[in-house]
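Notes to accompany the following structure.
We name chains A, B, ... by the order of the sequence lines, and we start the count at 1 in each one.
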There are 4 protein chains.
Amino acid sequence: MSDPREVRRTDFRVLRELPTRWADVDVYGHVNNVVHYSFFDTAVNGWLIEATGTDIRSLPAIGLVAETSCRYLGELQFPTTVTAGLALEHLGTSSVIYRLALFDDGDGPAAVGRFVHVYVDRSTRRPVRVPESIRTAVQQL
Amino acid sequence: MSDPREVRRTDFRVLRELPTRWADVDVYGHVNNVVHYSFFDTAVNGWLIEATGTDIRSLPAIGLVAETSCRYLGELQFPTTVTAGLALEHLGTSSVIYRLALFDDGDGPAAVGRFVHVYVDRSTRRPVRVPESIRTAVQQL
Amino acid sequence: MSDPREVRRTDFRVLRELPTRWADVDVYGHVNNVVHYSFFDTAVNGWLIEATGTDIRSLPAIGLVAETSCRYLGELQFPTTVTAGLALEHLGTSSVIYRLALFDDGDGPAAVGRFVHVYVDRSTRRPVRVPESIRTAVQQL
Amino acid sequence: MSDPREVRRTDFRVLRELPTRWADVDVYGHVNNVVHYSFFDTAVNGWLIEATGTDIRSLPAIGLVAETSCRYLGELQFPTTVTAGLALEHLGTSSVIYRLALFDDGDGPAAVGRFVHVYVDRSTRRPVRVPESIRTAVQQL
């Protein structure tokens, strides 16, 4: 696998702006590691809502998070506006895998991550096919 | 009004244990002011679920928060387990007002607060009468 | 006191944009009541850092939160960008009291609040005079 | 690698109790994926503070998070008390890698994860040797 420090904004078709909050910062004076996942979550779902033109929360199939990961390469501060890059790693029958990166100042990323949605029936919570509106959207990535 | 520093654990019929989390602590090395409201929210709703024996989220009337306030009298740390005291200030037709306090070490409170639920119809979000199961529960406070 | 529903964006000299996050939304499908205080905290401290041109966290006197309150007048959603209005209610010897409001769509506020900073010595945590750089800044409000 | 669904409480020397909060739950009625990392963070740091008998935040070397990951195998609810299992995967010169699992009801885990601390000098933020007090503690895992 290539060096995550080489990831650039230009590697992503979709970039989203996410300002940090005062309470994101922990005792070490930087954005706490947990918050990066809130940026991932917000970037993916916010983009899906816009790109599909649909409130994805009311579809019969909902995307539950099956796996996430993050490598922290630099510190994020308050105040700043983080740029999240969003790319498609894989579109499966019932899952979508996203690659993400968070950029602050500088060319290299402050963090890179991975985010896996598995689509399930809202009521039974059993896996189902990724809805067409979401398939169409993620193929633009 | 009496001095909030004089509030004691014995002023509350219900006491709930709420441990702090690492990410609760902000750059000043204490639990961030926002987190106190998560303790209030958790104490009220957690107690209501236990005391009514009902998942209050699935009732036709749900309690939306109409007003909250907090006075911060001392700092909370990580790790520690906070004790939240819960009392009834007022039971109205469609609203319930709780008094809360958060205790750590020591006799006096680290914070005192107020939390107002207004019950609304789940769909229309128009005010309705506080459900009987909740009336019965809060009268024990 | 006047009706908080009559508060308008034009009542505030400072307005700040604060996007919601996916995880801000709770089981009732709206931004949880706790998050409003993170908006207040972020608006006040973010503005102070910009207006003073100083990292306020490294001053010898730091602003600890002594009291906060919020009235919830409407629901906030994800995704949306909230506008926070910030005004000075009172500048005392060691305290600053802010009035805040959160606006989404529509003219009226989704929430109005109050936020009290007391300045203390970073080490002793005893009250001290509000630093000059902060006095100068808040008088612009 | 073995099936994460086969992980059991008995695979961990250290188990920590972590209650969920009302605001942890998102629009899908379960604990949001971000919160699991707050459980990991709290379990690791809370245990380190107890096991070393030291406030690890005031050591000259601090543990910054370099990498985290989580696989979500079941849903967590409010209210419940999650049991976090903590084990040592690897102790390096400047890094510690933990394996974690979160258990609710049932034998199998609701989530399994990995958490990597890299120790750095508090001021320069350059990697340094894991402090002796922390080496001694993690070897008990």
Side-chain angles (χ1 to χ4, degrees), chain A residues 4-5 18 23-24 26-46 49 55-59 61-77 95 97-98 100 110-126, chain D residues 4-5 18 23-24 26-46 49 55-59 61-77 95 97-98 100 110-126:
Chain A
R5 290 177 198 278
L18 304 164
D24 292 342
D26 67 16
V27 67
Y28 294 142
H30 58 196
V31 169
N32 180 266
N33 69 87
V34 173
V35 179
H36 296 62
Y37 289 98
S38 189
F39 291 146
F40 293 169
D41 205 23
T42 299
V44 168
N45 286 301
I49 291 171
D55 187 347
I56 55 172
R57 292 163 288 201
S58 57
L59 292 175
I62 57 175
L64 299 190
V65 179
E67 192 174 341
T68 53
S69 64
C70 184
R71 290 188 58 182
Y72 304 86
L73 305 167
E75 298 181 89
L76 295 172
Q77 308 296 334
S95 67
I97 307 180
Y98 300 91
L100 291 123
V112 295
R114 203 160 164 276
F115 185 97
V116 183
H117 258 157
V118 171
Y119 282 83
V120 300
D121 178 273
R122 165 183 296 280
S123 308
T124 65
R125 304 262 158 143
R126 304 279 284 274
Chain D
R5 291 178 196 278
L18 304 165
D24 292 342
D26 67 16
V27 67
Y28 294 142
H30 59 195
V31 169
N32 181 266
N33 69 87
V34 174
V35 179
H36 295 62
Y37 290 98
S38 190
F39 290 145
F40 292 169
D41 205 23
T42 298
V44 168
N45 286 301
I49 290 170
D55 186 346
I56 55 172
R57 293 164 286 202
S58 57
L59 292 174
I62 56 175
L64 299 190
V65 179
E67 192 174 338
T68 52
S69 63
C70 185
R71 289 188 57 181
Y72 304 86
L73 305 166
E75 300 181 88
L76 295 172
Q77 307 297 334
S95 67
I97 306 180
Y98 300 92
L100 292 123
V112 295
R114 203 161 164 275
F115 184 98
V116 183
H117 257 158
V118 171
Y119 282 84
V120 299
D121 178 273
R122 165 184 295 284
S123 309
T124 65
R125 304 261 157 143
R126 305 279 285 272

Original post:
Heavy-atom distance under 4.5 Å to chain D: side chain of A:Arg114, backbone, both or neither?
Top reply: neither

Subject >> pair A:Tyr28-D:Leu64: side-chain heavy atoms closer than 4.5 Å >> reply: yes

Original post:
Between OG1 of D:Thr68 and CG of A:Asn33, what distance do you get to the nearest 0.5 Å?
Top reply: 5.5 Å

Subject >> Structural part of A:His30 lying under 4.5 Å from a heavy atom of chain D >> reply: side chain

Original post:
By a 4.5 Å heavy-atom criterion (distance strictly below it), what part of A:Val65 contacts chain D: side chain, backbone, both, or neither?
Top reply: both

**OP:** For D:Arg5, look at atom CZ and say whether over 12 heavy atoms of other residues, nucleotides or ligands are found less than 6.0 Å away.
**Re:** no

**OP:** Return the option, out of D:Ser38, D:Ala66, D:Ala111, D:Gly113, with the maximum number of heavy-atom pairs under 4.5 Å with chain A.
**Re:** D:Ala66

